[in-house]
K.L.:
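To start, I am sharing the structure in question, which I have written as structure tokens.
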Amino acid sequence: MTTSDPLHILRDRFGFPAFRTGQRELVDAALAGRDALGVLPTGGGKSLCFQVPCIALPGLTVVVSPLISLMADQLRRAREAGIQAQAIHSGLPPAQRDQVGRAAAAGEVELLLVAPERLLAPSFEPLIPLLHVSLLVIDEAHCISCWGHDFRPAYRELGRIRHRLGAPVQALTATATPKVRAEIEEILGFRRPVRFVGSFDRENLLWAVRPARSPAERNQVLYDLVHRAPGARLIYAATRKRVERIRASMARRGLRTEAYHAGLPEGERTRVQAFFMEARRPLVVATNAFGMGIDRADVRLVVHDQLSGSLEDYYQEAGRAGRDGEAALCVALRGPGDGGIHRAFLDRTHPPIRSPGELVRLWRSGDLGSRLERRHAQLAKLRAVDRYAGTKGCRRRVLLGWFGERRSGPCEGCDRCRGWPGVLGAIGSR
DNA sequence: CGCCTTGTACCTAGGTACAAGGCGGTGCCCTAGT
């Protein structure tokens, strides 16, 4: 006997006794045909929010995902729950892409994973009128805001696409400030949405910033941190070159260290990911290319050679620590010239207006306001990072404040409240 | 912002020294021509 009752589905198909906070609200919204925004913390069970409606509803659930590797993860998990799930992406042979498209049009697919670019591609166009989409899910929805303007403009077009598909939208993310949440809703054209925003605070994470003046001193500080920390360890650096340098420096000091960035061949990237997932006590140095879809529970230390370009990015990267709930340390090194590279990236992706002619052109086309606003918003993100690095008060309060969460009193979990020896001691040493 | 590469001056032949300028981070997509 089949049932469309969410709780029965949860128990029978997934083996969980009850929904966790937020899941029920998001599932019910999907079943009622309402738009919904879910900000659920890492490990908060986001996939269930659309897998359960996918089973309960007739028709197709389309899940938009930013990375092919994430599609692979979602595909595996959905199939484990007995869902007829498929993906269409450039990694598949053309014949297989066509076959999946035909199956979806014939109603033989329950869950379809695609990149946003795919939804806009001419090759996908003929398929759209044939699909009976009952739910459109935007996974990692913060990408709409952080990438949509420049890096992956397809994210800006999702509002148009959702109307063509004629389905309610469920936007899911683990990291979104109030501003980003508003932008997601605006771009997707939400009306009377259901919203669920979980707490960003993770008590087991310890936060600290350490001074380091030169690259050589940074290497020494990194080594001191990394060689004693138990569990899996991760170092983030701002450039590929710096990643290689750090790897070499750790290796010279006798630590097995693997490097990861987007300039490495596919096979090498896969190998390093597997090393990080499987080795007893791995150490990986990476750019921000590393992490999405990486899900190791016992990461005890995440060190940033330099802080990220925004607190959203920093929280996403550092937040890969301590998923098992045990104490874990998130340290950022700080020195002269920090943030320069992010300002340089910003000048490329959101350039300042360079000439009177350009100013007039933008004003005439009506794009002046949004152009100024976007650059201004990016600069505000950089200033927030500086505030986090330089605060004399509680770091946790600065971090949570950025995500719109208030908090008072000392936290006992950052170097300002507890002192550096205190937070360092909390994760123990090998 | 800081780095690395490239170019020029130096003056008589291949190095040295320094200035100028470009570049740095994320990933989908699959055209047209080997």
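All heavy atoms count here, side chains included; hydrogens, waters and symmetry mates do not. Keep in mind that this is a model prediction, so the values were computed, not measured. Naming: A, B, ... by sequence-line order, numbering from 1 per chain.
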K.L.:
Quote, to the nearest angstrom, the C1' distance that separates B/dG33 from B/dA13.
P.N.:
46 Å

K.L.:
Please classify B/dA13 as syn or anti, treating any glycosidic angle within 90° of 0 as syn.
P.N.:
syn

K.L.:
How about A/Y260 and A/F276: are their ring centroids closer than 6.0 Å?
P.N.:
no

K.L.:
Is the glycosidic angle of B/dT31 within 90° of 0, making it syn, or outside that range, making it anti?
P.N.:
syn

K.L.:
Mind checking the C1' distance from B/dG14 to B/dC10? Whole angstroms is fine.
P.N.:
12 Å

K.L.:
Is A/D73 salt-bridged to A/R76, going by a charged N under 4.0 Å from an acidic O?
P.N.:
yes

K.L.:
Is A/P66 touching bases, backbone alone, or none of the nucleic acid, heavy atoms closer than 4.0 Å?
P.N.:
sugar-phosphate

K.L.:
Between the side chains of A/R195 and A/D35, is the shortest nitrogen-to-carboxylate-oxygen separation below 4.0 Å, so that they form an ion pair?
P.N.:
no

K.L.:
Using the glycosidic torsion, which applies to B/dT6: syn (within 90° of 0) or anti (everything else)?
P.N.:
anti

K.L.:
Does DNA chain B take part in any stems of at least 3 consecutive Watson-Crick or G-U pairs (both distances under 3.5 Å), and if so, which ones?
P.N.:
B:1-10 with B:15-24

K.L.:
Which whole number of Å gives the distance between the P atom of B/dC11 and that of B/dG7?
P.N.:
22 Å

K.L.:
Below 4.0 angstrom from OP1 or OP2 of B/dG24, is there any side-chain N or O of A/R240?
P.N.:
no

K.L.:
Quick one: the side chain of A/R343 and the base of B/dG2, do they pair up donor-acceptor inside 3.5 Å?
P.N.:
no

K.L.:
Given B/dT26, is OP1 or OP2 found less than 4.0 Å from the side-chain N or O atoms of A/T287?
P.N.:
yes

K.L.:
What's the closest nucleotide to the side chain of A/E117 if the choices are B/dG27, B/dT26, B/dC4?
P.N.:
B/dG27

K.L.:
Any ion pair linking A/D298 and A/R296 (charged N to carboxylate O, less than 4.0 Å)?
P.N.:
yes

